[in-house]
Every structure is written in C-alpha cells, then in structure tokens.
A.B. asks: 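Here you go, one structure.
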2 protein chains.
Amino acid sequence: MSDTPSPRAARSRERLLRAATDLLVESGPRGVTVDAVAEASGVAKSTLYRQWSSRDDMLIDVVRCNIPALTQPNLTDGFESALRWYVNDGAATLADPEWSRIIPAMMSLQVTMPAVAACIEIDRTSKTATLRTIVDLGIEEGILPADIDVEMASRILFGPLVYSSLLGDQDQLDKLAVEVVDRFLAPYAV
Amino acid sequence: MSDTPSPRAARSRERLLRAATDLLVESGPRGVTVDAVAEASGVAKSTLYRQWSSRDDMLIDVVRCNIPALTQPNLTDGFESALRWYVNDGAATLADPEWSRIIPAMMSLQVTMPAVAACIEIDRTSKTATLRTIVDLGIEEGILPADIDVEMASRILFGPLVYSSLLGDQDQLDKLAVEVVDRFLAPYAV
DNA sequence: TATCATCGCTACGAAACCGTTTCGTTGCGA
DNA sequence: TCGCAACGAAACGGTTTCGTAGCGATGATA
C-alpha cells in the first residue's frame with residue numbers, strides 16, 4: 001500500500017522540486033521547462049520522468065508543495081487572541097518574499113490548469129474551516145453575532161494582506177494585519 | 001511627427017489585439033503565440049511584425065490596452081457618496097469576467113516583464129491619486145482624520161475585492177463593496 | 001482608373017522544447 | 001559483499017515557436 005520512498009529518489013525529487021520552484025519564481029511558468037529544471041537541479045531528465053509522467057504533472061506538484069500550511073491557532077487563550085494570532089501568521093507567510101513571488105504564478109496557472117485550481121481550492125477550504133472554528137469561539141464568547149458570514153470575514157481579513165503582497169509591499173504587512181483585525185473587531189466592541 | 005495610422009493598419013492592429021486578448025484570457029500567457037494570434041485574428045504573421053517588433057512587445061501592448069480606466073468620481077455630492085461610487089465602480093470592473101481572468105495573467109507577467117510592471121505601476125499611481133482626492137474631501141468635511149494613510153485605505157477598501165475576484169467569486173462583489181465601505185466608515189461615524 | 005503602399009498567404013531556417021529510450025555507472029539495503 | 005534499484009549522460013524524433021522573406025492580391029487615394 002505505502003510505496004517505500006527510496007532515500008535516493010527522495011533526494012532527487014527534492015532537488016528537482018527546489019530547482020523548479022526557483023525557476024517558477026524567477027521566470028514564471030514559462031521558464032519551468034524540462035530541460036531547464038534538469039540543468040538547474042543537476043538531475044538528469046530521465047530521473048525527472050521517473051518522478052512525474054509529464055512536465056505538467058511536475059508543475060502541479062511544485063504548486064502543491066509550495067502552498068504553505070498555517071499553524072493551527074491556539075483556542076485556549078480566547079477568541080481575540082486566536083484571531084490575531086491567525087491573521088498575523090497569515091501576514092508573516094505572505095511577507096516571505098519567496099512565497100509572495102510564487103503567488104502570481106499560481107494565480108495564473110489556476111486559470112489554465114484545473115489541477116492547480118483544485119490544489120488551491122482544497123487549501124482554501126481548509127483555511128476557511130480553521131477560521132470557522134475561531135469565529136465559532138467568538139460567537140460562543142458573545143462577541144460576534146451568530147449569523148456572521150465566515151467567507152466574507154475571510155475576504156475582509158485576508159484580502160488586504162494578499163492584495164498588498166501582490167503589489168509588492170511586504171514590509172508593512174504586520175502593521176496592516178493589526179489594522180485589519182482592529183477594524184474587523186471594532187463594530188462588535190462593547 | 002504623428003505618423004498617420006493607415007486605416008488598414010489600424011484595423012489589423014485591432015484584430016490582432018482582440019485575438020491576443022482572447023487567447024490570453026482563455027489559455028494564459030503561454031497560449032499567446034505569434035502563430036496562434038495570427039490564425040485567430042485572420043491577420044498574417046508578417047503584418048503582426050509590422051505592428052510590433054517582437055512577441056513580447058505585442059504582449060505588453062495587450063496588457064496596456066486592457067487595463068481598465070475607472071470613471072472619475074463625482075465630488076459634488078460629498079465624500080461618502082463619492083467613495084461609495086468609486087468602490088462600487090471598482091467592484092463592477094472586477095466583476096467583469098473577462099477582466100477578472102486577465103488579472104492573474106498580468107500578475108504573473110509583472111514578475112518577469114518589467115514593462116508590464118511599469119504599466120501596472122502607472123495605473124495604480126493614477127488610481128491612488130484619485131482616491132487621494134476623495135479622501136481629501138472626507139478630511140475637508142471633518143469625517144476623516146487629517147493624518148489618514150491613503151495607501152492603507154486603498155488596501156483595506158480594494159484588497160477584499162481583488163482577493164475575492166482572484167478566488168473566482170465575482171457574483172457578490174457588489175455586496176462586498178457595500179460591506180467594505182460600511183466597515184471603513186464605521187470608526188469615523190459620529 | 002491607375003498607382004503603390006499595405007496586406008494575406010506560404011514557406012522557410014534556427015532554435016527551443018518535449019517525451020522517450022538506451023547504456024553504462026553508482027550507491028543503498030539485504 | 002552481492003544484487004537490485006536508482007542514477008547520469010546522451011542521443012533521438014517529432015513538435016512548437018519565433019522571426020524573416022518572397023509574392024501575388026487588394027484597397028486607399030489621387
């Protein structure tokens with residue numbers, strides 16, 4: 001059932017993924033050619049085709065492996081603490097220059113490659129579910145109204161961060177994160 | 001000094017730009033090949049090369065010609081009216097399925113093609129200046145504090161809209177626009 | 001209607017790219 | 001230490017792409 005991932009194969013795979021990611025960041029999807037990845041990684045094309053059946057398969061894997069996983073928020077310190085923690089974590093992720101340079105490529109690939117869109121969809125579903133647990137805590141604490149729209153909250157909280165990152169301003173994301181949460185919570189303050 | 005744009009040349013140019021835009025929307029930057037544009041437009045490759053010196057030149061022009069111009073807001077009806085009008089206009093633009101599918105391609109091209117980045121930069125500077133005039137009116141009316149950060153306001157107002165558009169939810173952008181402005185104005189309400 | 005710049009069509013060469021295969025080598029686990 | 005699995009290097013054929021060139025047709029303009 002579980003195929004043993006030979007240590008050698010795993011190492012080659014890592015190198016290929018690393019090189020492909022770099023090429024994607026530097027040159028966009030167009031730069032991620034089989035030959036370029038092979039040369040940049042120091043791994044032969046034949047080995048690349050032992051890992052993936054096609055260039056597109058590889059590209060999908062590159063995207064999949066580069067979607068960052070946010071850490072699960074600690075709910076024991078209460079709603080506001082958890083929310084601030086989660087949004088700050090998102091801002092920190094977006095502030096990573098490498099990740100922020102991959103986003104545009106992913107957004108572009110999403111349109112033409114359904115598999116990439118699926119990866120992003122899965123990730124977003126998971127992140128929305130996490131936000132859902134935080135919001136539920138807020139409702140439980142009587143801070144948020146019970147009928148609050150989690151999707152809209154997600155847009156209002158993370159939209160400015162993603163937008164700012166896309167525009168190339170990663171420097172003040174942490175400040176923006178604080179501002180965004182402040183404004184989000186303001187209407188519900190006692 | 002101004003070279004007369006022959007009617008035939010202008011017509012060919014329009015057809016080429018139209019076809020290239022369609023290809024960009026449907027297949028991403030990778031689909032915008034010289035041959036594909038020529039075939040889809042019914043215009044010969046040689047004519048394409050009479051318009052632009054290279055495929056990249058053409059692609060840059062496609063981007064440039066597809067950046068939408070927001071209508072100038074009417075300032076005579078007061079700050080809040082102008083702001084709502086401007087944000088709603090932005091939401092309407094983002095809701096256009098064609099435009100929303102071009103955005104990812106532009107974000108991607110921006111990384112690898114400095115000329116595309118320059119186009120986007122110019123557009124954003126102009127739009128920020130417009131928002132600046134609206135914000136100034138708000139300050140004049142005593143609604144906004146004088147030290148408000150226009151860049152941050154722009155992120156808070158348009159971030160959720162762009163983010164939502166990128167995620168493929170164009171249906172409720174108008175509703176989101178209202179929510180965003182409501183929340184933006186709430187802290188300054190009397 | 002005559003003229004001529006412009007056009008569409010077609011073909012072409014060079015280069016890049018993709019996917020596959022072969023063959024000899026290397027390194028890991030039994 | 002032995003054997004198998006993974007590896008690198010290289011070559012191959014077919015396709016795509018870019019950019020150029022020649023040539024006959026066409027349409028704007030006088």
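Chain letters run A, B, ... following the sequence lines, proteins first and then strands; every chain starts at 1.
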A.B. asks: For the pair made of CG in A/Leu23 and P in C/dA16, what is the distance, rounded to whole Å?
C.D. replies: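 Taking CG of A/Leu23 and P of C/dA16, I get 16 Å after rounding.
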A.B. asks: Heavy atoms from C-beta onward define the side chain here; which of C/dC7, D/dG19, C/dG19 lies closest to that of A/Tyr49?
C.D. replies: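 So the side chain of A/Tyr49 is nearest to C/dG19.
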A.B. asks: Roughly, in whole Å, what's the span from CD in B/Gln51 to C1' in D/dG19?
C.D. replies: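 Checked: the CD to C1' distance equals 16 Å.
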A.B. asks: Without decimals, in angstroms, what is the distance between B/Asp56 CG and D/dT17 P?
C.D. replies: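 The answer, rounded to whole Å, is 15 Å.
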A.B. asks: Can you tell if the side chain of A/Val37 reaches within under 4.5 Å of the side chain of A/Met58, non-hydrogen atoms only?
C.D. replies: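 The answer is yes; the side chains approach within 4.5 Å.
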A.B. asks: Taking the side chain of A/Ala44 as heavy atoms from C-beta outward, which of C/dT20, D/dG8, C/dC7 is closest to it?
C.D. replies: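 When the side chain of A/Ala44 is considered, D/dG8 is the closest of C/dT20, D/dG8, C/dC7.
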A.B. asks: Between atom CZ in B/Arg13 and atom P in C/dT6, what is the gap in whole Å?
C.D. replies: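 Answer to the nearest Å: 15 Å.
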A.B. asks: When the distance from CZ of B/Arg55 to C1' of C/dA15 is rounded to whole Å, what number comes out?
C.D. replies: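 That distance rounds to 15 Å.
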A.B. asks: With a non-hydrogen cut-off below 4.0 angstrom, is A/Ser46 in contact with a base, only sugar-phosphate, or nothing?
C.D. replies: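 It contacts base atoms.
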A.B. asks: Taking for each residue the nucleotide of DNA chain C bearing the nearest heavy atom, is the 5' side occupied by B/Asp35 or by A/Ser54?
C.D. replies: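 Nearest-nucleotide comparison on DNA chain C picks B/Asp35.
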A.B. asks: Quick one: does B/Ile139's side chain get under 4.5 Å of B/Pro145's, heavy atoms only?
C.D. replies: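 Contact flag for B/Ile139/B/Pro145 side chains = no.
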A.B. asks: CH2 of B/Trp52 versus C1' of D/dG19: gap in Å, rounded?
C.D. replies: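 Value for this atom pair: 15 Å.
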A.B. asks: Side-chain N or O of A/Ser12 less than 4.0 angstrom from OP1 or OP2 on D/dC7?
C.D. replies: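 Yes, within the criterion.
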A.B. asks: A/Met58 CE to C/dC17 C1': how many Å, rounded?
C.D. replies: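 One finds 12 Å between C1' of C/dC17 and CE of A/Met58, rounded.
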A.B. asks: Which of these, B/Leu70, B/Asp136, B/Leu83, sits in a side-chain contact (heavy atoms from CB on, under 4.5 Å) with B/Leu131?
C.D. replies: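 Exactly one candidate clears the test, B/Leu83.
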A.B. asks: Assuming nearest nucleotide by heavy-atom distance, tell me which of A/Arg50 and A/Ala36 is located more 5' along DNA chain C.
C.D. replies: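 Its nearest nucleotide lies further toward 5', so the answer is A/Ala36.
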A.B. asks: Taking OP1 and OP2 of C/dC7, is either one under 4.0 Å from a side-chain nitrogen or oxygen of B/Thr47?
C.D. replies: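 No, B/Thr47 has no side-chain N/O under 4.0 Å of OP1/OP2 on C/dC7.
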A.B. asks: Look at the side chain of A/Lys45 and the base of C/dG19, then say whether one donor and one acceptor between them are separated by less than 3.5 Å.
C.D. replies: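 When only heavy-atom distances are counted, A/Lys45 does reach the base of C/dG19 through a donor-acceptor pair under 3.5 Å.
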A.B. asks: Rounded to whole angstrom units, what separation is found between the CZ atom of B/Arg11 and the C1' atom of D/dA28?
C.D. replies: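 After rounding, the gap between these two atoms is 12 Å.
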A.B. asks: B/Arg30 near the nucleic acid: base, sugar-phosphate alone, or nothing, with a heavy-atom cut-off under 4.0 Å?
C.D. replies: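 Sugar-phosphate, backbone atoms only, no base.
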A.B. asks: Any heavy-atom pair between the side chains of A/Glu179 and A/Pro160 that's under 4.5 Å?
C.D. replies: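 Of all side-chain heavy-atom pairs linking A/Glu179 with A/Pro160, none is under 4.5 Å.
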A.B. asks: According to a hydrophobic-cluster definition based on side-chain heavy atoms being under 4.5 Å apart (Ile, Leu, Val, Met, Phe, Trp, Tyr only), do A/Val111 and A/Leu109 belong together?
C.D. replies: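 Looking at the clustering, A/Leu109 is in a separate group from A/Val111.
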